[in-house]
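For reference, the structure is listed below as structure tokens.
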Amino acid sequence: MVNFSVSALMEGFEELFPKETSFAVADSKRFIYYKPSSKIDLQIKPGDEIKEDTVTYKALSVQQKISEHIHSKVFGIPYYGTSVPILNNGNPQGCITAILSTEQLRFLADYLTVRIGECWKPVPHKEIMFLEAQNRKTWVQSERGTGTNKFKLSELEYILPNDLFFRCHRSYIININYIAEIQPDSHSTFLLIMKDKSKVPVSQTYAKHFRKLLAF
């Protein structure tokens, strides 16, 4: 496992996810840290081997972030997990997994409810161009107009489908299908020209993964 304090790492990592999220950290074969929430407890113990049907195992295997619903047969209760592998020169060294209960995902659907003007509109994921965090609000740019959603960008990143959406900046999540053009920017970053002519930055933090995702 890479050399870091797990407790120190998790203090910052937990702020990126909804409250009452359980967390597990593993090396390449076993769990080394677990913090349950009051909403869900998978009864993981440090030293437990990583089971093949877990989202942790899948993320280590494909070496990329994985978000999935996991059947109750694995830990005795169903859960929704997001696992992010820790790579060293392309080799998986460990994994961080955030765990939510199915009860906490009541709002998970194939659309987001967006407030546009004085009304609310269910907007299918495929019609959302990008999301922006601005002035303590989450703004949704879509084919049906621009409005706000009540969830934080970090919460939406957790539930939006990985095959459509990508976090490209601390303030932006984009729908890859709405990218019209990718322009180079300063300091190894990029500027995205969206199909509606909006400009969205790709920060240095996300640039490497963005290039790998789009294979260029």
Side-chain angles (χ1 to χ4, degrees), residues 12-23 37-40 55 65-70 77-84 98-183 185 189-203 205-207 209-210 213-214:
F13 194 78
E14 289 176 13
E15 295 181 2
L16 301 176
F17 290 87
K19 294 180 180 179
E20 299 301 333
T21 300
S22 297
F23 291 95
S37 72
S38 61
K39 293 289 186 180
I40 184 168
V55 69
K65 174 186 170 184
I66 294 289
S67 296
E68 283 190 9
H69 290 276
I70 302 298
I77 53 176
Y79 73 95
Y80 183 83
T82 290
S83 288
V84 180
I99 300 155
L100 284 177
S101 68
T102 53
E103 178 186 354
Q104 290 170 283
L105 293 174
R106 291 190 303 270
F107 59 89
L108 184 60
D110 293 329
Y111 58 85
L112 290 183
T113 302
V114 180
R115 180 166 185 168
I116 301 176
E118 297 301 317
C119 64
W120 288 262
K121 295 182 180 181
V123 179
H125 289 162
K126 64 181 181 180
E127 295 184 12
I128 296 172
M129 301 178 193
F130 63 89
L131 304 96
E132 179 183 6
Q134 185 182 86
N135 298 327
R136 297 185 179 182
K137 290 185 177 181
T138 298
W139 292 88
V140 181
Q141 181 70 30
S142 76
E143 292 185 6
R144 304 192 185 193
T146 302
T148 59
N149 182 270
K150 69 176 184 178
F151 293 104
K152 296 178 181 179
L153 210 63
S154 57
E155 293 175 312
L156 293 174
E157 179 188 16
Y158 189 76
I159 64 169
L160 288 171
N162 292 336
D163 59 339
L164 289 180
F165 294 93
F166 177 76
R167 183 75 174 263
C168 64
H169 189 279
R170 65 182 297 177
S171 298
Y172 290 93
I173 295 175
I174 56 100
N175 185 333
I176 294 173
N177 292 330
Y178 282 95
I179 299 174
E181 188 175 304
I182 304 170
Q183 297 181 354
D185 204 3
T189 61
F190 304 98
L191 184 66
L192 305 179
I193 309 301
M194 309 301 287
K195 290 183 178 180
D196 69 338
K197 307 302 181 182
S198 297
K199 297 180 179 180
V200 176
V202 178
S203 68
T205 301
Y206 298 95
H209 183 52
F210 180 73
L213 180 69
L214 294 185

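Just the heavy atoms: all of them, side chains too, but no hydrogens, waters or symmetry mates, feed the values below.
Two residues are said to be in side-chain contact when any heavy atoms from C-beta on lie closer than 4.5 Å; His69 and Pro78 fail this criterion. Using a 4.5 Å heavy-atom cutoff, the side chains of Asn175 and Met129 are not in contact. For the pair Asn177 and Leu164, the minimum side-chain heavy-atom distance is below 4.5 Å. Inter-residue side-chain proximity for Lys199 and Ile193 is flagged as met; some heavy-atom pair is nearer than 4.5 Å. Proximity of Val123 to Val140: side-chain heavy atoms (C-beta onward) are nowhere separated by under 4.5 Å. Counting only heavy atoms from C-beta outward, the side chains of Pro161 and His125 approach each other to under 4.5 Å. Annotation: side chain of Lys65 is in contact with side chain of Glu157 (closest heavy-atom distance under 4.5 Å).
The shortest heavy-atom contact between Ile174 and Cys168 is CG2-SG, 3.9 Å. Of all heavy-atom pairs between Thr189 and Ser203, the closest is CG2-C, 3.8 Å. When all heavy atoms of Phe23 and Ala98 are compared, the pair lying nearest together is CE2-CB, 3.7 Å. Residues Glu20 and Ser38 share a closest heavy-atom pair of OE1-OG, 2.5 Å. The two residues Ala133 and Leu153 have their closest heavy-atom pair at CB-CD2, 4.0 Å.
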Is there a side chain to side chain contact (heavy atoms under 4.5 Å, CB included) between Leu192 and Ile182? Walk through the geometry before answering.
CA-CA 5 Å; Leu192 305 179; Ile182 304 170; 3.9 Å; yes
Does the pair Ile176 and Leu213 meet the rule for a side chain to side chain contact (heavy atoms under 4.5 Å, CB included), with working shown?
CA-CA 10 Å; Ile176 294 173; Leu213 180 69; 3.4 Å; yes
Going through the checks in order, is the side chain to side chain contact (heavy atoms under 4.5 Å, CB included) test met by His169 and Val200?
CA-CA 9 Å; His169 189 279; Val200 176; 5.8 Å; no
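For the atom pair CZ of Phe190 and CD of Gln183, the computed distance is 11.5 Å after rounding to the nearest 0.5 Å. The line from OG of Ser142 to CG of Leu112 is 9.5 Å long, rounded to the nearest 0.5 Å. Distance check, rounded to the nearest 0.5 Å: OG1 of Thr82 to CG of Leu100 gives 7.5 Å. A distance of 12.5 Å separates CH2 in Trp139 from CG in Leu131, rounded to the nearest 0.5 Å. Note that CG of Asn149 and CD1 of Ile128 are 8.0 Å apart. Values are rounded to the nearest 0.5 Å. In this structure, CD1 on Ile173 lies 8.5 Å from CZ on Phe165, to the nearest 0.5 angstrom.
Checked by atom type and distance alone, the side chain of Arg170 never pairs as donor or acceptor with a backbone atom of Tyr172 at under 3.5 Å. In this structure, Ser83 contributes its side chain and Ile66 its backbone to no donor-acceptor pair below 3.5 Å.
For residues 172-182, there are no salt bridge (Lys or Arg N to Asp or Glu O under 4.0 Å) pairs, not counting sequence neighbours. Applying the salt bridge (Lys or Arg N to Asp or Glu O under 4.0 Å) definition to pairs two or more places apart or across chains, those involving residues 119-140 are Glu127-Arg144.
With hydrogens and angles left out, the side-chain atoms of Gln134 and Ser171 include no donor and acceptor closer than 3.5 Å. Counting only N and O atoms by type, the side chains of Ser37 and Ser22 include a donor and acceptor under 3.5 Å apart.
Heavy-atom neighbours of Arg115 CZ from other residues, nucleotides or ligands within 6.0 Å: above the threshold of 12.
Between Tyr178 and Phe130, a ring centre-to-centre spacing not shorter than 6.0 Å is recorded.
Classification of the Phe210-Phe166 ring pair by plane angle, with boundaries at 30° and 60°, yields tilted.
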